[in-house]
Structure formats: structure tokens, C-alpha cells
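Worksheet: the structure to be examined is printed underneath.
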Protein chains: 2
Amino acid sequence: MGDPRTGIGRPTTIVDIARAAGVSKSTVSLVLKGSSLVKTETRERVEAVIERFGYVYNRGAANLRTATSSFVGMVISDLTNPFFAELAVGIEEALYQLGFVPILANTNEDLERQGHVLRSMREHGVAGIIMSPARGTDAWTLANLPARSMPMVITMRRILGSPLPYVGPDNQAGARKAVEHLIGLGHRRIAFMGGFASMTTQQERIAGWRDALLAAGLPFDEGLIFESMPTRDGGKKALEAALATPRPPTAVFCYNDIVAMGATRALSTRGIRPGLDVGVVGFDDIDEAEHNAPPLTTVSADTRAMGARCADSLLGLIRGSGAADMSYTGETRLVVRESCGAPFAARKREYA
Amino acid sequence: MGDPRTGIGRPTTIVDIARAAGVSKSTVSLVLKGSSLVKTETRERVEAVIERFGYVYNRGAANLRTATSSFVGMVISDLTNPFFAELAVGIEEALYQLGFVPILANTNEDLERQGHVLRSMREHGVAGIIMSPARGTDAWTLANLPARSMPMVITMRRILGSPLPYVGPDNQAGARKAVEHLIGLGHRRIAFMGGFASMTTQQERIAGWRDALLAAGLPFDEGLIFESMPTRDGGKKALEAALATPRPPTAVFCYNDIVAMGATRALSTRGIRPGLDVGVVGFDDIDEAEHNAPPLTTVSADTRAMGARCADSLLGLIRGSGAADMSYTGETRLVVRESCGAPFAARKREYA
DNA sequence: CCGTTGATTTGGAACGGTCCAAGTCGCTCG
DNA sequence: CGAGCGACTTGGACCGTTCCAAATCAACGG
């Protein structure tokens with residue numbers, strides 16, 4: 001057993017405590033879980049010994065018997081993306097509140113790695129998994145995962161055809177709001193920028209963009225879609241592609257904030273003033289968005305709350321609720337700052 | 001036991017496999033660890049059954065017996081800070097390679113929370129902990145942690161007086177390089193911006209700043225230190241404070257990239273051109289740095305590699321190496337981009 | 001035909017908890 | 001005075017592995 005002073009040696013167990021306190025291990029176990037069955041005097045004696053020995057509860061051993069686990073797998077596709085970092089923080093915080101402990105895996109969009117970590121997590125006995133799937137994950141892969149038949153919620157990237165509960169923002173409605181705002185500002189030629197058609201998130205955001213266009217009686221022109229990696233660099237390239245076009249757009253609605261930041265930056269370096277000469281709006285409302293030059297108008301999905309919602313849904317699943325009931329589509333909110341040209345439009349009105 | 005088809009019911013154990021394969025559980029255990037002791041024919045038979053039953057190895061049970069663990073605690077002070085996100089990714093990646101599984105906790109700079117997660121991790125039987133301590137963590141706290149006497153490496157924020165191994169960049173040398181570069185560009189009034197004197201990291205970076213100043217025969221003026229939160233907003237405020245001064249600096253060396261980004265942004269909104277009118281340099285070289293307006297000159301510490309180094313050091317500690325030997329100070333490298341005024345200076349030379 | 005050897009296989013005690021049926025103890029009540 | 005009761009306490013099986021000493025088996029040499 002561990003020496004109370006040095007902490008050296010075999011770690012102290014419940015049996016050591018029992019012996020030292022002159023009770024049975026059952027009683028110590030009872031004390032540990034704060035049962036009202038044990039006499040106050042006994043409890044105090046045991047607690048004193050626990051304190052003196054610096055005893056550490058072995059949750060793993062306990063879980064073996066009860067066949068439960070307080071671990072939850074948190075599989076993130078790209079943690080260096082500030083959006084996913086924020087999501088991860090939301091999930092972690094909520095799990096902590098619920099008494100769960102997150103095991104982290106950053107798949108870095110690697111399907112093979114994703115398979116590995118899923119298997120590893122299962123072996124480590126997680127109670128469930130929250131996953132933002134790597135690009136390319138499809139329903140079939142998901143259904144044949146080593147981790148099938150374990151509680152799992154998918155977040156942020158909908159997998160068509162998968163029965164797993166999905167938690168994410170209402171991309172279509174959010175995109176529509178953003179584009180309607182641009183239209184309200186007087187824009188008539190609005191491009192969509194970033195992402196690829198294979199991403200369900202892009203599909204949904206494009207659908208919202210088209211909805212807004214069509215509702216305003218504007219033409220839906222596929223030529224105004226500029227695909228790119230969903231990165232700053234992608235935004236830059238997409239914007240350059242748009243500018244190289246015979247009739248460049250007067251505003252761009254971007255796949256996400258990162259793309260929008262790349263786009264505003266590319267505009268600036270060419271001497272075109274984002275927010276004044278060209279309207280730009282993003283999606284996600286990451287922290288950096290308000291510090292961009294100019295501050296980004298964007299669609300907020302309340303990422304942290306979404307993370308909390310993932311944890312709630314997983315808990316529901318673990319407790320036995322149906323997968324369908326645990327899906328959740330979050331409301332979105334348009335955050336108007338300067339990149340869309342709102343202040344410019346306002347100023348125009350002011351002097352008109 | 002779990003039904004091979006539906007996966008419903010009690011999970012399959014090694015004993016179920018043994019029974020079905022007509023061998024003892026010892027043999028199955030041997031097969032599982034790829035022992036050469038079992039006959040090929042037997043191995044194949046057992047493996048077939050394992051496959052058919054979709055058996056999942058229970059690492060927790062195994063660890064109970066062997067008193068080992070493949071968990072490592074990863075305690076991060078602020079995961080929404082892109083620098084720490086990058087560090088976390090580096091650590092996670094390295095741990096994964098080494099066969100460890102990271103348990104994540106984001107303390108959000110909360111000391112109480114830090115105490116909780118450390119205790120929780122110990123109960124969950126982590127093999128060791130890698131921690132970027134929350135602000136305010138001191139040697140005394142660390143020494144009296146519930147997790148004392150467990151392998152632990154501290155990263156990115158040195159705790160004075162603690163015997164724990166520390167992994168971090170050479171802040172002083174890095175800062176000195178940055179300021180020397182600024183001096184070489186012709187700057188004579190160089191401010192230090194961001195962080196607080198209570199942070200060891202700030203102390204080290206300020207020391208480097210002073211070293212460079214003194215080595216160049218420039219006065220070391222405490223009035224040129226503008227403290228602030230190490231955030232974008234802090235950078236903005238610090239810069240405004242500097243501008244409100246009778247003799248504003250012509251260049252600023254910032255506590256980190258985030259502060260520098262806040263500073264460049266504040267400059268821009270006041271019509272002062274960062275990189276042309278005022279030199280700005282950051283520290284950390286986060287991903288965003290090169291996409292800033294203008295791209296940030298900064299000191300790179302190779303954050304990912306630093307994360308890997310944390311994992312290596314922890315492994316060393318677990319294997320029994322002395323704490324002192326596991327400390328590591330990483331080389332830094334100045335990354336010259338545009339914010340320091342280098343291109344401006346170059347242009348000046350060009351036309352001179 | 002038996003002892004020996006090397007190759008395989010195995011039984012059962014750990015590991016550190018939880019759980020529950022059963023036990024102990026001091027009182028009260030008839 | 002003994003049964004009954006409530007308050008506490010306890011022994012020992014059990015969770016799913018690992019480990020090791022011992023058992024089994026087949027083949028070989030004498």
C-alpha cells in the first residue's frame with residue numbers, strides 16, 4: 001500500500017483502508033458513495049483514514065463490476081479549425097457538467113484514422129461517441145463501423161441515409177437569412193463561395209442561398225458558385241476566380257467564416273474594399289469574425305450551445321431514447337457587422 | 001453474450017469466445033496478444049470465432065490486472081485560443097503514435113476547475129498528465145495537487161520553483177531575435193505589448209526584448225511596456241494606450257500573435273498602416289498569422305513539435321526518467337512577413 | 001514400452017471495486 | 001426473558017482480463 005507520507009509503493013486500495021479503519025471493505029465502499037447506511041462515527045473514522053492514506057478511488061475497477069463508464073469519445077474532424085475548437089469546448093464543458101469525461105481524437109479529416117480511433121474508443125469502453133465525421137464518411141461506412149451498436153451522435157456534417165441522430169444548425173434557413181440581408185442591401189449578383197458539392201453542409205447552405213435568390217425573383221445562376229477548400233486560402237482562390245469572371249458578383253456569401261476571411265483579405269490586397277465595394281458574409285460566427293478586417297457579417301449557430309446539445313443528445317441515447325428523438329436542428333441568427341456593406345448602405349441612405 | 005448478428009445483449013467476453021472455440025480463456029488471451037505460443041491452427045480457429053462474434057477487447061479489465069493504463073490527461077488552459085488548439089493537436093497526435101489515448105480537459109483558466117479535473121483524471125487512472133497550467137497556478141498549488149506523485153509535465157507556462165519537467169519554447173531568445181530584427185529595420189522606440197507581469201511567459205519575453213534593446217545601446221524604458229489581456233481586445237486596448245502617450249513607439253513587439261492581431265487591427269481602423277507606419281511583431285506563429293492584414297512577422301516555436309515533445313517527456317517520466325532530464329526548451333525561429341515593415345524598409349532601400 | 005523433451009494448453013488466483021443476502025447488536029415490547 | 005425490529009455491518013461472489021505454475025500431448029531415443 002502507498003506510504004501515507006511518500007506516496008511510494010503499491011497504491012492504497014479499499015482493503016487497506018478497511019484494515020486500517022477496522023471495518024470491512026463493504027463499509028468503506030459504502031462510505032465512498034456517501035451512503036446513509038453507515039453510522040456517522042464509523043464514517044468519520046473511515047474518512048480520516050482515507051485522508052491520511054491519500055487514497056485514490058479506482059473508477060476503472062468499479063466500472064468493471066457495474067459495466068458502466070464515464071468516458072465519452074469526442075471525435076473531431078479538425079481541431080485547428082476555430083469553429084471545431086469552439087464546438088469541442090462546448091461539448092467538453094457539457095460533458096463535464098454531466099459527469100462524463102471526454103476522450104479526444106482529432107481525425108484531421110483522415111478516414112482511416114477515424115476508423116482506428118473509433119475502434120480504440122470502443123475497446124476503452126466509452127459510454128458513447130460524439131463525432132463530427134471526417135469528410136468522405138458515408139452512411140455505409142458509418143453502418144459498418146467497428147463501433148456500430150454503440151450510442152453515437154453525429155454533429156455538424158449530416159450523413160445522408162444514416163439513422164444516427166444528428167445535431168447541427170439549420171444551414172438552409174441560416175443561409176437564406178444571410179442572402180436575404182444582402183439582397184435587402186441592394187445586391188443583385190450574389191455569389192456562393194467555398195466548399196464542395198460533396199459536402200452536405202455546402203448543399204444545405206447553397207439551398208438557402210438559392211431559396212433567397214428565387215424568393216426575390218433573382219436568377220439562380222450556377223456560374224455564381226465558386227467551389228474551394230473551406231479554408232482561408234480556399235476563400236482567396238475562390239474570390240480570385242470570381243473576379244476573373246466577365247461579370248463579377250457585387251457580394252459573396254461564403255461557406256463559412258474562414259472562407260469569408262480569406263475572401264475579405266484577397267479583396268483588400270487588390271485594393272477592393274470589402275464591405276464597401278463588395279459585400280461579404282460568412283457562416284459560423286467564430287470568435288475571430290468580429291475582429292476581422294472588416295468585422296464579418298455572419299450567421300451564428302451558437303456553436304457552444306450546439307456542443308452542449310450534442311452531449312444532451314448522447315446522454316438521451318445512453319439512457320435509451322430513440323435515435324430519431326435525439327436529433328436536433330439549431331436556430332440560426334444573422335449577426336450584422338461591417339463586411340456585408342450594411343454601414344455603407346446606411347451611410348448612402350443617410351446622405352440620400 | 002452479444003448476439004453475433006444484432007449485437008444485442010451482454011457483450012461478448014473472452015470466456016464466450018473460449019467456449020465457442022473449444023479452448024480455454026487463457027488460450028484466447030494468448031491469441032489476443034499475438035503470442036507465438038499458440039499453434040497456428042488453434043489461432044485461426046479462435047480468430048474466426050472472435051470475428052464471428054464481433055468480440056470487443058475490454059482494455060479496462062486488462063488494465064485492472066496489469067495495473068497499467070493507456071490514458072493520458074491533457075489539461076489545456078484555453079482551447080479556444082488557436083495557439084493552444086494547435087498545441088493540443090500536436091500532443092494528441094504524438095500520444096496517439098505512442099499508443100496513448102488523451103483525456104481532454106479545458107480548464108478555461110479556472111483554478112478550481114483545474115483542481116477538479118486533475119483529481120478526476122487520477123481517479124480514472126491516467127498514466128500521466130500533460131498540462132498547460134491555468135493562470136495563477138503556482139508551485140505550491142502544484143506541489144499540493146491531488147495529483148502529486150503522478151507523472152506530469154508542465155508546458156508553455158513555466159511555474160517558478162516547481163520541480164516538474166517543463167516543456168516550452170525559448171521565449172527570451174525568441175523575443176530577442178524579434179526585437180533585434182525591428183532594430184535592424186531602423187526602429188528606435190519599440191514598445192512591449194500584452195500580458196501581465198505575473199505571467200512567467202511575459203517575464204521571459206520582456207527579458208528578451210530588454211536584452212535586444214540593451215545590446216543595441218537603446219534605453220530600456222519601463223514606460224514602453226503596455227500590459228493587457230493576452231487577447232485581440234487586449235492588443236487593441238494596449239495599442240490605444242500606447243498611441244495616447246506623448247511619444248508613441250514606432251514599433252511594437254507583442255506578447256503573442258493574438259495581441260499583435262488586435263494591435264494591427266486597431267492601427268488600421270485609425271488609418272495608421274501597420275507594417276508601413278508602425279512595425280508590429282507577434283509571437284507563436286499561429287495559422288492565422290500569415291493571413292492577417294498585413295501578414296504577421298512573428299516568432300515561431302513550432303507548436304506542433306512542442307506538443308510532440310510534451311508527449312515524449314511524459315513517456316520518459318512514466319518510464320522512470322528523472323524530471324530534470326525531461327525538461328525541454330525549444331528553439332525559436334523568426335518568421336519575417338509584412339507587419340514589421342520589412343518590405344517597406346526594403347522598398348526604401350530599393351529607391352534610395 | 002517408457003522416460004524425456006519441447007510444444008501447447010489450461011486452471012485458478014489475482015486486480016479493486018460493487019452488490020446483496022445474511023449477520024450482529026442493542027433496544028423495546030408483550 | 002425472549003422475540004422482533006431497526007440500525008449497521010459484513011462475507012463472498014462477480015466483473016473481464018492477465019499471469020504462471022502445472023498439466024497435457026506428441027514424438028523421439030534407447
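Only a predicted model underlies this, so the values are computations on that prediction, with no experimental measurement involved. Chain letters run A, B, ... following the sequence lines, proteins first and then strands; every chain starts at 1.
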Problem set entry | Close side-chain approach of A:H124 and B:S70, heavy atoms under 4.5 Å | yes

For this session: Name the nucleic acid region contacted by A:A67, choosing base, sugar-phosphate or nothing; use a 4.0 angstrom heavy-atom cut-off, strictly under.
Result: nothing

Scan the side chains in residues 81-107 of chain A for donor-acceptor partners under 3.5 Å anywhere in the protein, sequence neighbours excluded, and list what turns up.
residue: A:N81; atom: OD1; partner: A:F83; partner atom: N; Å: 2.8
residue: A:E86; atom: OE2; partner: A:R304; partner atom: NE; Å: 3.2
residue: A:E92; atom: OE1; partner: B:R113; partner atom: NH2; Å: 3.4
residue: A:E92; atom: OE2; partner: B:N106; partner atom: N; Å: 3.0
residue: A:E92; atom: OE2; partner: B:R113; partner atom: NH2; Å: 2.8
residue: A:E93; atom: OE1; partner: B:R113; partner atom: NH1; Å: 3.4
residue: A:E93; atom: OE2; partner: A:Q97; partner atom: NE2; Å: 2.8
residue: A:Y96; atom: OH; partner: B:H116; partner atom: ND1; Å: 3.2
residue: A:N106; atom: OD1; partner: A:L79; partner atom: N; Å: 2.8
residue: A:T107; atom: OG1; partner: A:I76; partner atom: O; Å: 3.4
residue: A:T107; atom: OG1; partner: A:E109; partner atom: N; Å: 3.4

Exercise. Between C:dT18 and A:S29, is there an OP1 or OP2 to side-chain N/O distance shorter than 4.0 Å?
Worked result: yes

Exercise. So do B:M131 and B:L142 actually touch side chain to side chain, heavy atoms under 4.5 Å?
Worked result: yes

For this session: Nearest whole angstrom, please: distance from the P of C:dG16 to the CD1 of A:I17.
Result: 12 Å

Mind listing the side-chain donor-acceptor pairs of residues 159-168 of chain B below 3.5 Å, one per line with the distance, residues two or more places apart or on another chain?
residue: B:S162; atom: OG; partner: B:L164; partner atom: N; Å: 3.2

Seminar exercise, completed: Assert: residue with more 5' nearest nucleotide on DNA chain C, out of B:R65 and B:S24, is B:S24

Problem set entry | Contact residues, residues 30-48 of chain B to DNA chain D [heavy atom, < 4.0 Å] | B:K33

Expected list for residues 31-49 of chain B: side-chain donor-acceptor pairs under 3.5 angstrom, two or more places apart:
residue: B:S35; atom: OG; partner: B:L37; partner atom: N; Å: 2.9
residue: B:R43; atom: NH2; partner: B:S35; partner atom: O; Å: 3.3
residue: B:R45; atom: NH1; partner: B:A21; partner atom: O; Å: 2.5

Problem set entry | Smallest separation among heavy atoms of A:S321 and A:M326, with atom names | CB-CE, 3.8 Å

Problem set entry | Least distance between heavy atoms, A:S77 atom then A:P133 atom | CB-O, 3.9 Å

Exercise. NA contact type, B:A61, heavy-atom cut-off 4.0 Å: base, sugar-phosphate, or nothing?
Worked result: base

Problem set entry | Difference in axis direction between the ends of the helix from C:dC1-D:dG30 to C:dG30-D:dC1, five pairs, 10° | 70°

Seminar exercise, completed: Outermost contacting nts on DNA chain D, any atom under 4.0 Å from chain A heavy atoms, listed 5' then 3', are D:dC8 to D:dG16

Seminar exercise, completed: Heavy-atom nearest pair, A:A127 first then A:P151, reads O-CG, 3.4 Å

For this session: Using heavy atoms to find the nearest nucleotide of DNA chain C for B:T66 and B:G22 separately, return the residue whose nucleotide is more 5′.
Result: B:G22

Exercise. Any idea which heavy atoms bring B:L111 and B:A134 closest together, and the distance?
Worked result: CD2-CB, 4.1 Å

Exercise. What integer distance in Å separates B:R19:CZ from C:dG11:P?
Worked result: 12 Å

For this session: In whole angstrom, give the distance that lies between atom NZ of A:K25 and atom C1' of C:dA14.
Result: 13 Å

For this session: Looking only at side-chain atoms of B:T27, point me to the closest of C:dA13, C:dT10, C:dG16.
Result: C:dT10

For this session: For B:V23, answer base if it contacts any base atom (sugar-phosphate contacts may also be present), sugar-phosphate if it contacts only those atoms, and nothing otherwise; contact means non-hydrogen atoms under 4.0 Å.
Result: sugar-phosphate

Exercise. Taking all non-hydrogen atoms of both residues, which atom of A:K25 and which atom of A:I14 are closest, and how far apart?
Worked result: O-CD1, 3.9 Å

Exercise. Below 4.5 Å, heavy atoms only, C-beta onward: do A:L315 and A:D312 meet side chain to side chain?
Worked result: no

